[in-house]
Number of protein chains: 2
Amino acid sequence: MGAIRTARERARAELTQEIKNAARRQLGEVGAQQLSLRAVARELGMASSALYRYFPNRDELLTALIIDAYEALGDAAEAADATPPPGDLRARWCTIHHAVRDWARAHPHEYALIYGSPVPGYAAPQTTIAPAGRVPLLLLRLAHRAHTEGALHPAFDGPPLPPTLAGQAAAVADLMDVPLPEPDLTRVMVAWIQLFGTISFELFGQLTGGADPADAFFHHTTDQMADLVGLPH
Amino acid sequence: MGAIRTARERARAELTQEIKNAARRQLGEVGAQQLSLRAVARELGMASSALYRYFPNRDELLTALIIDAYEALGDAAEAADATPPPGDLRARWCTIHHAVRDWARAHPHEYALIYGSPVPGYAAPQTTIAPAGRVPLLLLRLAHRAHTEGALHPAFDGPPLPPTLAGQAAAVADLMDVPLPEPDLTRVMVAWIQLFGTISFELFGQLTGGADPADAFFHHTTDQMADLVGLPH
DNA sequence: AAGAAAATGAGAGCGATGCTCTCTAGTTTG
DNA sequence: CAAACTAGAGAGCATCGCTCTCATTTTCTT
């Protein structure tokens, strides 16, 4: 399967990559809105119509970039997660958080592509769901390990879960294969939203005039969310 | 100043409004990306070039819509805030949260315009800052009133504030004219980010397969954040 | 090995966009 | 009333996404 048989297939795979690379470069320069197939073709020295042999339309190219971005972010988070001692769950939690933020600030347009407003009339295809779940999965597993070690002690209980929410949380636990009690899982979801909410606000300028630069605030909320979730010190 | 002198000025003011209205209608139908000046001009029965007498370019039109959207959201939040008994701070908190979510779901494209990824190469002009602060200001004032009544009791303290963050929080308190202790103000910021982070995730499809529909989750986190901030029951 | 089939790339072209320029008709101001 | 200003229309430019056709090259089948 991995082996590429004919020369044509090899050339096709390479050109597909080169197109994505050129597109990603332009994405970083002018943003998704201005990304133009013709400009990509120009950069590669080919006719614009030839691009349509590789991507049926502009949206499909963007979708490919979206998936790549999710994977790159997932890679960055997992690589960072491997740095601290595996048993130091809080250090791993914080390291992941900062890795996500660092990646977002290093690739703002790619971040905007996956966590900004989706292209209108564009529904995220099934293929994006799995890669999009990598970061929350990391966080869930950390909490789960703390839980199995009996070391998960949330800062406060909060209101009890209504049945609907408990059911959804159980479904997520099942889907992700992370058997965490519903209230704990819900708290991780809150922390997950806080993580990306903070980064989005920072990148999209909502923090301007408030907590900008946001380093201190981000560091603080990362810790606070670890407390909320209940990771040990 | 409010009085419009000449017939020409009156006509200009009206046409400016009609252009914005038509643009807002199209925004709701096709989204910001596809919003076309020519289509707006067509709808109004005028030449596309005539639009440029009113808005120097497409971005300026969008900026006008952005400001209107912030104001509409602020109006919705303030109107909702006036519903519960003024002394029931927790009810007001929850009502504001739900009003913001309801407005966002009723006007997803306008929400995406102000809380999605900003148009690339587009910096939010100064004129958007004040209207953008209306919702967080409401939340801050609620917390402040609870504080002056001695009724603000956060669910947990969390880590102590580093000096940088304390300074920024103090600056916000000063700017917003809400003299709230820095740790309390920081907690309100967390809740504010949680509010918009949750709505963005819901609207932009990140919750798909997890907490979707998000009613139960949203209700729960609203309450949880009220606990975190320390509003009385 | 030879011929059929499939994939690839180039070019022209369509309808549409944002925006500029020029010209005309009308309004306001001194 | 005349000069200055303003609003609108129309033509035009460069660009875009995308389609269609045609020639060339590669692969598959016999």
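Just so it is clear, the model here is predicted, and its values are computed rather than measured. Below, chain A is the first sequence line, B the second, and so on; all start at residue 1.
- Using a 30° and 60° split on the angle between ring planes, B:Tyr115 and A:Phe201 fall in the parallel class, below 30°.
- Rounded to an integer number of Å, the gap from B:Arg53 CZ to D:dG10 P is 14 Å.
- Taking atom CG on B:Leu15 and atom P on D:dT6, their separation rounds to 16 Å, with Å as the unit.
- Rounded to an integer number of Å, the gap from B:Phe55 CZ to D:dA7 C1' is 15 Å.
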Between N or O atoms, less than 3.5 Å apart, protein on one side and nucleotides 15-19 of chain D on the other: list the pairs.
from	atom 1	to	atom 2	distance (Å)
D:dC16	OP1	A:Ser36	OG	3.1
D:dC16	OP2	A:Arg42	NH2	2.5
D:dG17	OP1	A:Leu37	N	2.8
D:dG17	OP2	A:Leu37	N	3.2
D:dG17	OP2	A:Arg38	N	3.2
D:dG17	N7	A:Arg38	NH1	2.4
D:dG17	O6	A:Arg38	NH1	2.8
D:dC18	OP2	A:Tyr52	OH	3.4
D:dC18	OP2	A:Arg58	N	2.8
D:dC18	N4	A:Arg38	NH1	3.4

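- For B:Arg58 (side chain) and B:Leu35 (main-chain N/O), a donor-acceptor pair under 3.5 Å exists by modelled atom type.
- Rounded to an integer number of Å, the gap from CD of A:Glu14 to P of C:dA7 is 20 Å.
- Aromatic rings from A:His219 and A:His98 are positioned such that their centres are separated by under 6.0 Å.
- Scanning both residues, B:His220 and A:Pro162, for their nearest heavy atoms gives CD2-CD, 4.4 Å.
- Comparing atom distances between the A:Arg8 side chain and each of D:dT27, C:dT22, C:dA10 picks out D:dT27 as nearest.
- Atom CD1 of B:Ile19 is separated from atom C1' of D:dA7 by 11 Å (rounded to the nearest Å).
- In this structure, B:Arg12 forms a cation-pi arrangement with B:Tyr54, its terminal cationic atom sitting closer than 6.0 Å to the ring centre and no more than 45° off the ring axis.
- Note on B:Asp81 versus B:Arg141: no salt bridge recorded, every NZ/NE/NH1/NH2 to OD/OE distance being 4.0 Å or above.
- In this structure, A:Arg12 atom CZ and D:dT26 atom P are separated by 16 Å, rounded to whole Å.
- The CG atom of B:Leu62 sits 10 Å away from the P atom of C:dG18 (whole-angstrom rounding).
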